Amino acid sequence: MAAHEFGIMDRAPTLKERYERYEPEKYTPVRVEDELLAPLLPQLGELDFFWHSLERPAKGLAYTGITLISPAAMDGLLKILGSRPELDELRNLLLRAKAAGKFVIHFGI
């Protein structure tokens with residue numbers, strides 16, 4: 001089954017860094033089945049994220065790529081996730097990242 005993975009980045013990405021490789025082992029990610037995120041994609045498409053690099057701001061998740069989620073985007077993302085119990089693990093990860101002022105990396109399907 002197709003899934004997305006989200007992990008907390010130890011350090012903020014720099015402007016010139018590009019994230020092109022699938023490297024979940026670096027981030028201890030949580031896995032979220034695509035069927036849980038797919039209904040939220042229209043709302044997620046209104047949020048400001050970065051695709052592969054801070055040099056590439058974009059709206060929404062890079063569905064089949066890598067998204068960098070800044071601390072500034074956490075509140076909007078958490079609001080969209082709401083209180084769905086099936087997304088508790090992701091919500092907890094986002095809350096930890098927000099409290100620490102950390103970026104989150106998203107590996108699309």
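Side chains included, hydrogens not; waters and symmetry mates left out as well; all remaining heavy atoms used. The structure presented is a predicted model; accordingly, all values stated were derived computationally and were not measured.
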Separation between [atom1] of [X] and [atom2] of [Y], rounded to the nearest 0.5 Å:
| X | Y | atom1 | atom2 | answer |
| --- | --- | --- | --- | --- |
| Y27 | F103 | OH | CZ | 12.0 Å |
| T67 | F49 | OG1 | CZ | 7.0 Å |
| S70 | L77 | OG | CG | 10.0 Å |
| I66 | R18 | CD1 | CZ | 9.5 Å |
| H106 | L61 | NE2 | CG | 4.5 Å |

Original post:
Checking W51 side chain against L68 main chain: does a donor-acceptor pair fall under 3.5 Å?
Top reply: no
Original post:
E17 side chain to T14 main-chain N or O, any donor-acceptor pair under 3.5 Å?
Top reply: yes
What about [X] and [Y], same hydrophobic cluster or not, with Ile/Leu/Val/Met/Phe/Trp/Tyr joined at side-chain heavy-atom distances under 4.5 Å?
| X | Y | value |
| --- | --- | --- |
| I69 | L47 | yes |
| F6 | M9 | no |
| F50 | L41 | no |
| V30 | L44 | yes |
| M74 | L93 | yes |

Using every non-hydrogen atom in the two residues, find where [X] and [Y] come nearest and quote the distance to one decimal.
| X | Y | result |
| --- | --- | --- |
| G108 | H4 | CA-ND1, 3.8 Å |
| P29 | P24 | CD-O, 3.1 Å |
| F107 | R21 | CE2-O, 3.5 Å |
| A3 | I109 | O-CG2, 3.3 Å |
| L15 | S53 | O-OG, 3.6 Å |

Original post:
Between E5 and Y22, does any side-chain donor sit less than 3.5 Å from a side-chain acceptor?
Top reply: yes
Subject >> Flag for D34-Y63: side-chain donor and acceptor within less than 3.5 Å >> reply: yes
Does a salt bridge link [X] with [Y], judged by any charged N lying under 4.0 Å from a carboxylate O?
| X | Y | value |
| --- | --- | --- |
| D10 | K102 | no |
| E55 | K16 | yes |
| E89 | R91 | no |

Subject >> Residues that H52 engages under ring-ring contact (aromatic ring centres under 6.0 Å, His included), provided they are two or more places apart >> reply: none
**OP:** If a pair satisfies side-chain hydrogen bond (donor to acceptor under 3.5 Å, both in side chains) and one of its residues is in residues 76-87, list it, with sequence neighbours excluded.
**Re:** none
**OP:** State, yes or no, whether a side-chain contact exists between L36 and L87 at a heavy-atom distance under 4.5 Å.
**Re:** yes
